[in-house]
Amino acid sequence: MNTGVKITAYAAALAATFGAAYGVGKGVGPVEEPKKAEHGEHAAAPVPSKSAAADGHAGHGEAAGTAAPAAAANLPGGLQVSDGGYTLALETPTPAAGKSVLKFSIKDATGRKVTAFTTEHGKELHFIVASRDLNTFRHLHPVKAADGTWTTPVDLPAAGGYKAFADFKPAAKGAKGITLGADLSVPGAYAPKALPAVAPTANVDGYQVRLGGTLDPGKAGELRLTVTKAGRPVTDLEPYLGAYGHLVALRDGDLAYLHVHPNEGGPGPDVSFTATAPSAGTYRLFLDFQHEGKVRTAAFTVTAGAAKATAPAPEATVPAAGGAADDAGEHTHG
């Protein structure tokens, strides 16, 4: 597997910019020429095609402890509800536990709902919801009404704090990709779960995904995820939104996106990404992959700054996407 595309970490006062992004083709099937990853989106492992064309954009937000405009441009994606003149406006900020419907819009600087977006990853907008304790992860696909209101069903398993992320690129001339984040609160008695332990494998629906490589502060390293089923390598992964895999990385504590770039590769069993952690600490990785017509999510806890990003004991596993310690498997299309 080639490692032709690598991430660039932006630094400001020892804090680096990070989002998760990668341009891919328009839907499953023929895949267009991949583009270099943009901030504010999840990374996608590309289907082999032509060489990547750069189409990146600056990070979002501000460095900790300063409100200067220059520093604001360097905050990681997802840490601000407003950026670049756009705001993520939640119409349902307190959904009930269990199955419900989320409604939201993207508003411009005048307060009007935005209706025109650029299609990326086969969608005009990508929407992710994660619990504050990083045990629940939802990759959703909302539907946009004519007036700019987006709607999506969601199943949030328990009361507590969640964060919603909207990845999009306005269709306005010269617009760049943006990741906005806003808090959701599910009413009820809240019992936070501990972050799942660091482990090299995750089991989901009969598949085992092994994580190899390291995640190092300030240093690029390869994260290689290998998919097997019943002990056999899966070599026919299917394109999901035009790619063989998507990786979302969230930092424990503030749920900022880690800026991850994918590497070229085929339809399994390996899906590879090159990543640089902006700081020592704990991160949660969520890999979406599609096989036999269904999208599944494998989740991992990794520690940047440790000797390895995975635990040394090869037999250790982390339940994922429906396991007892993790709930990371919903992919809802509105």
Next item on the list: Give a yes or no answer on whether the side chain of Q208 reaches the backbone of V227 with a donor-acceptor pair at less than 3.5 Å.
Entry: no
Next item on the list: Just jot down the salt bridge (Lys or Arg N to Asp or Glu O under 4.0 Å) partners of K103, sequence neighbours excluded, or say none.
Entry: none
Notebook entry, point to check: Once the angle between the rings of H139 and H141 is folded into 0 to 90°, is it parallel (under 30°), tilted (30 to 60°) or perpendicular (over 60°)?
Noted result: tilted
Which pairs of donor and acceptor atoms, one on a side chain in residues 127-134, lie under 3.5 Å apart (sequence neighbours left out)?
from	atom 1	to	atom 2	distance (Å)
S131	OG	D133	OD1	2.6
S131	OG	L134	N	3.4
S131	OG	N135	N	3.2
S131	OG	T136	N	3.0
R132	NH2	D183	OD1	2.6
D133	OD1	N135	N	3.0
D133	OD2	K193	N	3.1

Notebook entry, point to check: With a 4.0 Å cut-off, would you call K229 and E292 a salt bridge?
Noted result: yes
Notebook entry, point to check: Under 3.5 Å, is there a donor-acceptor pair between the E222 and S272 side chains?
Noted result: yes
Note to self: Using the ring centroid of each side chain, check whether F117 and W150 are separated by less than 6.0 Å.
What the structure shows: yes
Next item on the list: Please report the closest heavy-atom contact between V209 and F300, naming both atoms and the distance.
Entry: O-CZ, 3.3 Å
Check: Between G181 and L88, which heavy-atom pair has the shortest distance, and what is it?
Finding: C-CD2, 4.1 Å
Margin query: Holding to side chain to side chain donor-acceptor pair (under 3.5 Å), I want the full list of residues that pass it with Y207, two or more places apart in sequence or in another chain.
Written below: H291
Next item on the list: Locate the shortest heavy-atom distance separating V81 from A182; write the atom from each residue and the value.
Entry: CG2-CB, 3.9 Å
Notebook entry, point to check: Do NZ/NE/NH1/NH2 and the carboxylate oxygens of D167 and K123 come within less than 4.0 Å?
Noted result: no
Notebook entry, point to check: Quick one: does L285's side chain get under 4.5 Å of V248's, heavy atoms only?
Noted result: no
Check: Tell me, which pairs form a salt bridge (Lys or Arg N to Asp or Glu O under 4.0 Å) where one or both residues lie in residues 84-101, sequence neighbours left out?
Finding: E91-K113
Next item on the list: Not counting sequence neighbours, which residues clear salt bridge (Lys or Arg N to Asp or Glu O under 4.0 Å) with D252? List them please.
Entry: none
Item checked: side chain to side chain contact (heavy atoms under 4.5 Å, CB included) involving S100 - partner list, sequence neighbours excluded -> P95, V154
Item checked: Closest non-hydrogen atom pair between T297 and F286, with its separation -> CG2-CB, 4.1 Å
